[in-house]
Amino acid sequence: MSATVLAAAGKFVLGGLLDFFKHKREVKAEQRRGELALKKAANNARIARTQSGDDHAAAMDLESAGQRGWKDDYLLLLTTLPMVLLFAAPLLELVMATHYQRGDLQRAVQAGFTALKATPEFYWWGLGAVYIDTFGFRRMLRTAVETWAGNRMFGKRPPSS
C-alpha cells in the first residue's frame with residue numbers, strides 16, 4: 001500500500017473517532033442544558049406558588065385587620081392576662097413588702113420566668129393562635145409551617161441542644 005492510501009485511511013479513521021467523541025460531548029452538553037432548564041422551570045414554579053401564597057396571606061391579613069372589633073381585643077386581653085399575672089404577682093408582693101433587700105427585684109423577675117416555664121404547652125399554642133389571628137401574622141405562620149413541614153418531610157432536623 002502506498003503512503004497516500006495509508007494516510008487517507010488513517011485520516012478517515014481518526015476523523016471518525018474525533019467526530020464520534022465531539023458528538024458525544026455535544027449530546028452530554030445538551031442533556032446538561034435540558035436538566036438545567038428543568039431545574040430552572042421547577043424553581044420558577046416554586047417561587048410563583050410561594051409568591052401567590054404570600055399575596056393571598058397578606059390579603060387575608062388586611063381583611064382581618066379591617067374587621068377587627070372589640071371581641072378580638074377582649075380575646076387578646078383574656079389570653080394575655082394570665083401571662084402578665086405570672087410576672088405581676090411576684091412584683092406586687094415586692095411592692096407591698098415592708099422592707100426591700102438588695103436582689104429582691106431580681107428574685108421576683110426570676111420567679112415570673114420560672115412560672116412561665118411551668119405554663120402548659122396548650123396555653124402557648126392558644127396564645128400564639130390568638131396573636132396570629134388578632135395581629136394578622138398569617139404570612140409569618142405560613143413560612144414557619146412550610147419550614148417545619150419541609151424539615152419533617154425531608155428529614156432535616158434542627159440541631160438538638
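This structure is a prediction, so every number in the text was calculated from the model and none was measured. Along the sequence shown, residues are numbered consecutively beginning with 1.
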Quiz item: Should we count CD of E26 as having more than 12 external heavy atoms under 6.0 Å?
Solution: yes
Quiz prompt | salt bridge (charged side-chain N to carboxylate O under 4.0 Å, His left out) partners of E35, counting only residues at least two apart | solution = none
Quiz prompt | Verify same cluster id: L81, V130 (apolar side-chain graph, 4.5 Å) | solution = no
Quiz item: So, for F87 and L116, which heavy atoms are closest and what is the spacing to 0.1 Å?
Solution: CE1-CD1, 3.2 Å
Exercise. Taking the side chain as every heavy atom from C-beta outward, state whether R33 and E30 have any atom pair closer than 4.5 Å.
Key: yes
Quiz item: Quick check: does any side chain N or O of T80 sit under 3.5 Å from a backbone N or O of L77, one acting as donor and the other as acceptor?
Solution: no
Quiz item: Does V84 belong to the same Ile/Leu/Val/Met/Phe/Trp/Tyr cluster as L91, with side-chain heavy atoms less than 4.5 Å apart forming each link?
Solution: no
Practice problem: Return yes when atom OH of Y123 has more than 12 non-hydrogen atoms of other residues, nucleotides or ligands closer than 6.0 Å, and no otherwise. | Solution: yes
Quiz item: Which heavy atom in P90 sits nearest to a heavy atom in A108, and how many Å separate them?
Solution: CB-O, 3.5 Å
Quiz item: Is the closest side-chain heavy-atom distance between R107 and D104 below 4.5 Å?
Solution: yes
Self-check item: Hydrophobic cluster identity match, W124 and L85, side-chain contacts under 4.5 Å
Solution: no
Practice problem: Treating Ile, Leu, Val, Met, Phe, Trp and Tyr as nodes and any side-chain heavy-atom pair under 4.5 angstrom as an edge, say whether F113 and L92 lie in one connected cluster. | Solution: no
